[in-house]
There are 2 protein chains.
Amino acid sequence: MESKTSYKEKKVISIGVMSELTGLSVRQIRYYEERKLLFPERSKGGNRKYSFSDVELLMEIANEMEDGVQTFDIRQKRMKKEKEQTRKKMLKGQINAQFGIRK
Amino acid sequence: MESKTSYKEKKVISIGVMSELTGLSVRQIRYYEERKLLFPERSKGGNRKYSFSDVELLMEIANEMEDGVQTFDIRQKRMKKEKEQTRKKMLKGQINAQFGIRK
DNA sequence: CGTGTAAGGAATTCTGACACG
DNA sequence: CGTGTAAGGAATTCTGACACG
């Protein structure tokens, strides 16, 4: 089991580039973070850094916003999706515990 | 045939992040560019932007520098490799022209 | 609620140059 | 040749706030 630092997940993109890539204003991007939809890392100096994965996420968010969905509901939906995945992983873990790792 | 904008080639990384990722100083990174080893894009404001591919390239360069190879020779070698690949593509193109695209 | 904007400040980056070796 | 550094300036980003709706 290793660190799997795929390029897609690496947080290296500034908010300015992010803005260009998504077509959203920096104001919008910061706001979606405030609403807990996005979680950039920070440089020592405090600057936001995003991943390509974040770019994709942000574009999905933009689509939902266009459909008139509120940030709260977008977040709600994402949290459910998150939970669903955690549940699946737990299940998989249990199966491994019972049948996989037996020594 | 499409624009194939893979994340790896997309120029989005600032020189500061580049420095962190490679462990080289920004001075070194700029110098290698001056010696034609590296070709970042520029933002409107003039800031350098690199790709993950550039990160890999830069780390290879760093290795060669450690071995005492001079920038000129590194460049020389890279240009040869470049030519080799162009040659292969040309060949492939010719083959396509003769046997592939026939109508 | 979601977004624009002006404000003041800090972090980041840029270039050209001098230094050392 | 390759790299550090101080210098002056410009571009980028940050936060908190006011505005509009």
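Numbered from 1 within each chain, the chains take letters A, B, ... in sequence-line order.
The closest donor-acceptor contact from the side chain of A:Glu9 to the backbone of A:Ser6 lies at 3.5 Å or more, if one exists at all.
Rounded to a whole Å, the CG atom of B:Leu58 is 11 Å from the P atom of D:dT3. When the P atom of D:dT13 is taken as reference, atom OH of A:Tyr50 falls 10 Å away, rounded to whole Å. In this entry the distance linking CD1 of B:Ile74 with C1' of D:dG2 reads 11 Å, nearest Å. A:Tyr32 has its OH atom 13 Å from the C1' atom of C:dG4, to the nearest Å. Separating the CD atom of B:Glu41 from the P atom of C:dC14 is a distance of 14 Å, rounded to the nearest angstrom. Distance A:Tyr31 OH to D:dA17 C1': 15 Å, rounded to the nearest Å. Here the C1' atom of nucleotide C:dG16 and the CZ atom of B:Arg27 are 10 Å apart, to the nearest Å. When rounded to the nearest whole Å, the span between NZ of A:Lys44 and P of D:dT12 equals 21 Å.
Taking for each of A:Gly45 and A:Gln70 the nucleotide of DNA chain C with the nearest heavy atom, the 5'-most of the two is the partner of A:Gln70. Nearer to the 5' terminus of DNA chain D, by closest-nucleotide assignment, is the contact made by B:Ser25 (compared with the other of B:Ser25 and A:Val17). In terms of position along DNA chain D, the nucleotide closest to B:Val26 lies nearer the 5' end than the nucleotide closest to the other residue of the pair B:Val26 and B:Gly46.
When all heavy atoms of B:Ser51 and B:Ile13 are compared, the pair lying nearest together is C-CD1, 4.0 Å.
The side chain of B:Arg30 approaches C:dT15 more closely than any other nucleotide in the set D:dG2, D:dC14, C:dT15. The nucleotide whose nearest atom lies closest to any side-chain atom of A:Gln28 is, among D:dT13, D:dG4, C:dT3, C:dT3. With D:dG2, D:dC14, C:dG4 as the candidates, the nucleotide lying closest to the side chain of A:Asn47 is D:dC14. Looking at the side chain of B:Met65, the nearest of the listed nucleotides D:dT3, C:dT13, C:dT15 is D:dT3.
Counted within 6.0 Å of CZ on A:Phe39, heavy atoms from surrounding residues, nucleotides or ligands total more than 12; the atom is thus considered enclosed.
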Exercise for the section: List the steps and the verdict of salt bridge (Lys or Arg N to Asp or Glu O under 4.0 Å) for B:Lys81 and B:Glu84. Expected result: CA-CA 5 Å; B:Lys81 206 182 282 180; B:Glu84 184 68 12; over 6 Å; no
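Using a 4.0 Å cut-off, no side-chain N or O of B:Ser14 falls inside it from OP1 or OP2 of C:dT12.
Base pairing of C:dA17 is made with D:dT5, judged by Watson-Crick or G-U wobble geometry with both donor-acceptor distances under 3.5 Å.
Residues A:Tyr7 and B:Phe52 bring their aromatic ring centres within 6.0 Å.
Side-chain to base pairing of B:Arg48 with C:dT13: no donor and acceptor N or O lie closer than 3.5 Å to each other.
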